Amino acid sequence: MDIPWWRDAVVYEIYVRSFADASGDGVGDLAGVRERLPYLARLGVDAVWLTPFYPSPMADGGYDVADYRDVDPLFGTLADFESLVSDAHRLGLKVLVDIVPNHSSSEHPWFQAALRGEKRERYIFRDKTNNWQSTFSGPAWTKVADGQSYLHLFAPGQPDFNWRNPEVHREFLDILRFWLDRGVDGFRIDVAMGLYKAEGLPDVGDQSFKAVSPVWGQPEVHEVYREWRKVLDGYPGERMAVGEVWTDSSEDLALYLRPDELHQSFNFAWLQAPWSPTAFRKVIEDTLAAVPFATWVLSNHDVVRHRTRYETADPGTGLARSRAALLTMLALPGSAYLYQGEELGLPEVTDLPDEARQDPVFLQSQGKLPGRDGCRVPIPWTVDPPSHGFSPGGVEPWLPQPATFAELSVEKQEGDSDSTLEFYRQALACRRDLARSIPYTLEWLKSPEGALFFTRGSLICAVNCGPKSVRLPEHDSVLLSSGPIKRGLLPPDTAVWLRRES
Ligand code: GLC
């Protein structure tokens, strides 16, 4: 069987408003992404995933879409998008776009019509509401002028579609075709376990994002992905879809990955695992046992950056552990998703002033929850303020960058062999060399306490999560390590790739 491109792909998530600003308004845009594509090709990733760039009032950074078939002027034009795709393809990069089917913006013409009383059945309007809460805090219902309320599992500016209405199905099939016709290689599906709500909208006890409940993970949702799969398969060139699916178990996740549904799903269990060899091993075993094509991810635009997660759990370890986790992740069978800035070792920015924060999580919780702005601070490309090369000229970026970003900038790290950027480049180049010569399967090796050793053909990966150095497994040569190794010993918080000839 031919191996599809996405099976082992490294996909780089671009949070468009924070990646690179070409227009000089302090907000990242598509032309900025396009200018930096050579940087991404040189980094060694296979694909980019662009977060929503569609017309939007930006109640949730663009995850509130007012028009699914255009580009917001803040981010550029459709022509900019087309140039981006053609440049990316010329550089050998695939392009995934974000599709947001659970809800639209309240500015979407369908919702505006619903407010006027026309075709309300495209959304979820009720006279009597239930106890559901918005994921961003506060009630999930907002009353409109005539006394009915509409459901929004996120911000009030994000009304949920009614997927029991066939018109919604038809609309999204058409939207998929619109972007496929413009050459996209696939889709990242926002809140993919949402869409359907249990009939009768019963009250719930636990409404956590991942639980299968009346709110999430209804069986009918799979029919949607079967329809979408047929559309994707109708285009040449292995077009694919990856779902943002939060579940309690790998078995639930696997339901979305049946052969006629999605190609991939995010595997948040890896991101949530503590720094422990047993936790890592369990996630890896459960994942590989349950799903045909695995994916791995450490950070994204919704969670605290992994460097800071490790640092908070055990101060002084953040950078070392984040580098070791990357090397371990890149040695696993399947595809890996990186989040912009992790290749620079960026931490979460925890001290943003309240006035600067824009995430609806912060705003809707009246500041009780910090929200996700801290992982969305614009990328530092150069040493110098005010924007560290993010915007041209002297423009301030939409979220302030801390002074520490100068030392972490691309300019500072480029060419420095000890830098995290050069480490990522080496790891991705080495992975690319190995990719087609090692088997998809993984075997465990006997590991000393605190460590985890595994092998795939000639590659051995060893990671030490414990407090003491451990002896390296038997090997012929060292390919790459996440930190210094000496005299055959693997220090704490370090991972290594070794080669074994036979
Ligand atoms: C997804 C996105 C997140 C957004 C939410 C609502 O979880 O990743 O950023 O706020 O959906 O669209």
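For ligands, and for the atoms within them, numbers begin at 1 and follow the listed sequence. Nothing here was measured: the structure is a model prediction, and the numbers come from that model.
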Could you tell me which atoms of ligand 1, counted from 1 in the order shown, lie closer than 4.0 angstrom to a heavy atom of H301?
-> 2 (C), 3 (C), 8 (O), 9 (O)
Per-atom contacts, ligand 1 versus F136 - under 4.0 Å to a heavy atom | 10 (O)
Atoms in ligand 1 flagged as close to D60, the criterion being non-hydrogen separation under 4.0 Å | 4 (C), 5 (C), 6 (C), 10 (O), 12 (O)
What do you reckon, are the aromatic ring centroids of W6 and F187 less than 6.0 Å apart?
-> no
Test of ring centre spacing under 6.0 Å for W141 and H152 | no
Before accepting this row, confirm whether a basic side-chain N of the pair D174/R69 lies closer than 4.0 Å to the acidic partner's carboxylate O.
-> yes
Ion pair present between R229 and D233, side-chain N to carboxylate O less than 4.0 angstrom?
-> yes
Mark up the atoms of ligand 1 that fall under 4.0 Å of a heavy atom belonging to R372, in ascending order.
-> 3 (C), 4 (C), 9 (O), 10 (O)
Can you tell me if H152 has a non-hydrogen atom under 4.0 Å from ligand 1?
-> no
Aromatic centroids of W163 and H169 separated by under 6.0 Å | yes
Of all the heavy atoms in R376, does at least one lie under 4.0 Å from an atom in ligand 1?
-> yes
Please could you name the atoms of ligand 1 that H103 approaches to less than 4.0 Å, counting only its heavy atoms?
-> 6 (C), 12 (O)
Evaluate the criterion ring-ring contact (aromatic ring centres under 6.0 Å, His included) for residue pair F268 and W246; output intermediate values, then yes/no.
-> CA-CA 7 Å; F268 295 116; W246 295 83; 3.8 Å; yes
So the atoms of ligand 1 within less than 4.0 Å of a heavy atom of E244 turn out to be 1 (C), 7 (O), 8 (O)
